Amino acid sequence: MKNFFKGVRKRIGKLDAEKLREQYELVADEFARSEMLLHVLKDGIVRVDAKGAVLQCNPAAKTLLGSDPEEALRSLGLPLGKTSRLDVSVSYPEPRSLEARTIPFDDETVVYLRDTTAERRRTEEELRAGATKAVCDLAAGVAHEIGNPLNAIALSLQLLKRDPTDTGVIDTCMSQVKRLDGIIRDFLDAVRPRRPNLMPGSVADPLKKCLAALKQQFEERRIKVTLDVPDVLPNVALDAAQIEQVFFNLLKNAIEAVKDGGAIDICIEADDRDVSVGFRDDGTGMDAEQLSHLFEPYRTTKAKGTGLGLMVSKRIVNEHGGSIAAESSPGGGTTFTVTLPRLERRIRALK
Ligand code: ADP
Ligand code: MG
């Protein structure tokens, strides 16, 4: 199409009215075809300008977002002008889970929406039933992961048998046992989710605990960590141990993504609806392909990864009535944002 337009633009001075009409009809025809494609597409497509005003919206997007797509998009708080992928839920016109992507295009942003309600329900059911491919993949992955530490332990024990004074070997065994424990805990969290025990509390507490636990790693790798907490921080309903696990997973990923001497900036923000915690790192970042599979089980790019951390984190946050979103570009770092509803809102919603 681009070449076609270029060609017409070049010759436009030489075209007579009849020729112009011909070209005009070609363009109108092409336009109608694109409209038709957008019309029949099951996924929602919305074009918005830099201020969030809707320029174009296909029927599927209207079905997903209701009669006022602009307002609905605004309340989702999508990052305009950036590439992102996030899972959101809408309660109107009916409760639905959506996968939302934003793709910047000149001054505009194209928002792509896919209904993932059925898929999500299925994944949950599959994981619960424990007999599905997802679980088999997980189990296969874990079985594979367990092999290395077990071999290392067996080898160490052989060394110890030969030379019982070599106590250094014991440290190797201990660290491998710790790794096994981590793998199994992640796996159990993935297949046997625990309902959160919700209590009123501040997100800052589990966060500070995590930072204390990771302090040594930050120092060893000279990672600069900043923490921005607002003066007034409203409470949320949370299971502090589970939220700590979420923050730990996100921070661990950030540590693994940055170079020595890199930066991790944590920012807590609150508005009338939610409290959000953003984890920004200046690490490797992810491309669109990686982003599109984020939160899926057993997706890892790390030799020693389990690919379960994000999936478990997402489930925990969702069970808290919140959401987790990622923004990333290759080489441009990554931001994960955990959003939890404020306590008052949750109480109102439960009434
Ligand atoms: P694991 O850390 O065991 O690989 P996760 O579920 O925690 O599993 O993460 C899945 C994948 O997502 C990682 O392997 C990595 O490719 C990508 N990822 C997660 N967090 C980041 C980040 N902060 N920066 C870059 N890539 C990330
Ligand atoms: Mg991880």
Side-chain angles (χ1 to χ4, degrees), residues 79 82-87 99 101 123 127 134-135 137-149 176 178-191 193 207 210-211 213-214 217-218 221 223-227 242-267 276-318 323-338:
K82 288 189 181 147
T83 310
S84 73
R85 184 221 131 115
L86 47 164
D87 289 293
E99 172 192 323
R101 290 177 197 225
T123 317
L127 284 169
V135 173
D137 284 355
L138 285 178
V142 168
H144 173 81
E145 290 290 313
I146 283 175
N148 287 337
Q176 295 298 334
K178 222 166 138 191
R179 170 145 176 72
L180 281 175
D181 184 47
I183 294 170
I184 290 170
R185 214 178 6 204
D186 276 1
F187 175 70
L188 288 181
D189 281 341
V191 295
L207 182 60
C210 270
L211 292 176
L214 291 167
Q217 292 196 39
F218 292 137
R221 307 239 347 250
I223 297 170
K224 291 178 279 299
V225 180
T226 64
L227 173 61
Q242 289 195 359
I243 292 297
E244 189 182 328
Q245 190 188 348
V246 171
F247 292 166
F248 190 86
N249 287 344
L250 296 179
L251 282 168
K252 209 61 188 139
N253 282 342
I255 292 174
E256 286 159 358
V258 298
K259 293 202 188 89
D260 285 357
I264 300 177
D265 301 307
I266 308 163
C267 180
S276 67
V277 188
F279 296 85
R280 215 203 95 69
D281 68 61
D282 65 352
T284 50
M286 287 173 272
D287 59 22
E289 156 76 10
Q290 268 177 298
L291 270 175
S292 70
H293 293 295
L294 213 59
F295 306 112
E296 286 176 17
Y298 211 62
R299 288 266 176 188
T300 181
T301 52
K302 300 169 195 168
K304 287 193 168 177
T306 62
L308 296 179
L310 285 179
M311 179 204 144
V312 171
S313 302
K314 179 162 184 275
R315 170 149 57 210
I316 293 177
V317 174
N318 288 156
S323 61
I324 179 164
E327 259 178 66
S328 190
S329 57
T334 302
T335 305
F336 274 93
T337 309
V338 175

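All figures in this text were calculated on a predicted structure; none of them were measured in a lab. Atoms within each ligand, like the ligands themselves, are counted from 1 in listed order.
- At a 4.0 Å cut-off, not a single heavy atom of Phe295 sits close enough to ligand 1 to count as contact.
- For ligand 1, the atoms closer than 4.0 angstrom to any heavy atom of Thr284 are 25 (C).
- Taking every heavy atom of Ala257 and a limit of under 4.0 angstrom, the matching atoms of ligand 1 come to 22 (C), 24 (N), 25 (C).
- Applying the side chain to side chain contact (heavy atoms under 4.5 Å, CB included) criterion to Arg299, with sequence neighbours excluded, gives His293, Glu296.
- The shortest contact between atom 18 (N) of ligand 1 and any protein heavy atom is with Met286 SD, 3.8 Å.
- Listed by chain and number, the protein N, O or S atoms at a distance under 2.8 Å from the Mg ion (ligand 2) are Asn253 OD1.
- Under the 3.5 Å distance criterion, the side-chain polar atoms of Lys224 are left unmatched by any main-chain donor or acceptor of Ile264.
- At least one N/O-N/O distance between Leu310 and ligand 1 falls below 3.5 Å.
- By the criterion of a heavy-atom distance under 4.0 Å, neither the backbone nor the side chain of Asn249 is placed next to ligand 1.
- The protein heavy-atom contact nearest to atom 14 (O) of ligand 1 is Thr301 N, 2.9 Å.
- Nearest protein heavy-atom contact of atom 4 (O) of ligand 1 is Thr300 OG1, 2.5 Å.
- Nearest to atom 11 (C) of ligand 1 by heavy atom, out of His293, Glu296, Lys314, Arg299, is Arg299.
- Of the N or O atoms in Gly285, none lie within a sub-3.5 Å distance of an N or O in ligand 1.
- For Glu327, the salt bridge (charged side-chain N to carboxylate O under 4.0 Å, His left out) partners are Lys82, not counting sequence neighbours.
- Partners of Asp282 by salt bridge (charged side-chain N to carboxylate O under 4.0 Å, His left out), not counting sequence neighbours: none found.
- Within the structure, the closest approach of Gly307 to ligand 1 falls below 4.0 Å when heavy atoms are considered.
- Shown in contact with Gln290 at under 4.0 Å from a heavy atom are these atoms of ligand 1, numbered in order with element: 16 (O).
- Counting atoms of ligand 1 from 1 in the listed order, those under 4.0 Å from a heavy atom of Leu294 are 12 (O).
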